[in-house]
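Below is one structure, written out as structure tokens, with a few remarks after it.
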Amino acid sequence: AWAARLTASGWRLDAGSTHAGQGTRNRRLRWADCYLELLWVHDAAEARHNALRLDRRVAGDASPFGIGLRGRLSAAER
């Protein structure tokens with residue numbers, strides 16, 4: 001339902017992909033030079049058997065949200 005709500009609000013999501021062996025799936029909001037990746041555990045058993053153990057990050061009282069950053073911002077972007 002969240003993907004339909006984003007699309008209805010004018011956001012353009014790509015089809016995303018499944019990360020084999022990791023137990024996760026994604027969808028991305030793309031812009032010209034960057035994107036926001038929405039990632040979730042798609043297969044809990046597969047995630048449980050992966051060294052990253054992403055299943056633990058979404059279990060219990062932990063926040064379901066995380067931020068991963070890569071690259072350097074220019075002075076104007078900072």
Side-chain angles (χ1 to χ4, degrees):
W2 62 267
R5 288 193 307 267
L6 284 172
T7 302
S9 297
W11 295 96
R12 297 186 67 190
L13 288 166
D14 70 2
S17 59
T18 301
H19 307 109
Q22 212 171 278
T24 57
R25 182 165 180 5
N26 74 353
R27 299 282 301 270
R28 292 169 294 253
L29 298 168
R30 293 183 179 265
W31 292 277
D33 59 351
C34 60
Y35 63 92
L36 172 65
E37 181 179 25
L38 305 168
L39 178 80
W40 64 94
V41 172
H42 174 70
D43 183 330
E46 193 172 45
R48 203 170 24 256
H49 291 95
N50 184 277
L52 294 174
R53 291 301 311 262
L54 295 175
D55 60 304
R56 289 181 179 172
R57 297 183 191 193
V58 298
D61 295 332
S63 172
F65 301 99
I67 298 175
L69 304 172
R70 178 174 37 183
R72 296 183 186 271
L73 296 174
S74 68
E77 291 171 318
R78 284 193 297 270

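No experiment lies behind these values; they were computed from the predicted model shown.
- To the nearest 0.5 Å, the span separating CZ on R25 from CG on L39 amounts to 10.5 Å.
- W2 and L36 fall within a single hydrophobic cluster, where Ile, Leu, Val, Met, Phe, Trp and Tyr are joined by side-chain heavy atoms under 4.5 Å apart, directly or via other members.
- Look at D55 and R57 and you find no salt bridge, because none of the NZ, NE, NH1 or NH2 atoms lies under 4.0 Å from a carboxylate O.
- Shown here is R53, whose CZ atom has more than 12 heavy atoms of other residues, nucleotides or ligands within 6.0 Å.
- The only member of N50, L54, T24, L52 that meets side-chain contact (heavy atoms from CB on, under 4.5 Å) when paired with H19 is T24.
- Applying the 6.0 Å contact sphere to CH2 of W11 captures no more than 12 heavy atoms from other residues, nucleotides or ligands.
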*Verdict with supporting geometry, R27 and L6, side chain to side chain contact (heavy atoms under 4.5 Å, CB included)*: CA-CA 11 Å; R27 299 282 301 270; L6 284 172; over 6 Å; no

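- Here the side chains of Y35 and D14 are not in contact, with every heavy-atom distance at 4.5 Å or above.
- Interatomic distance, S17 OG to E37 CD, rounded to the nearest 0.5 Å: 7.5 Å.
- Interatomic distance, OG1 of T18 versus CD of E46, reported as 9.0 Å (0.5 Å rounding).
- Counting only distance, with no hydrogens or angles, the side chain of N26 and the backbone of G16 share no donor-acceptor pair below 3.5 Å.
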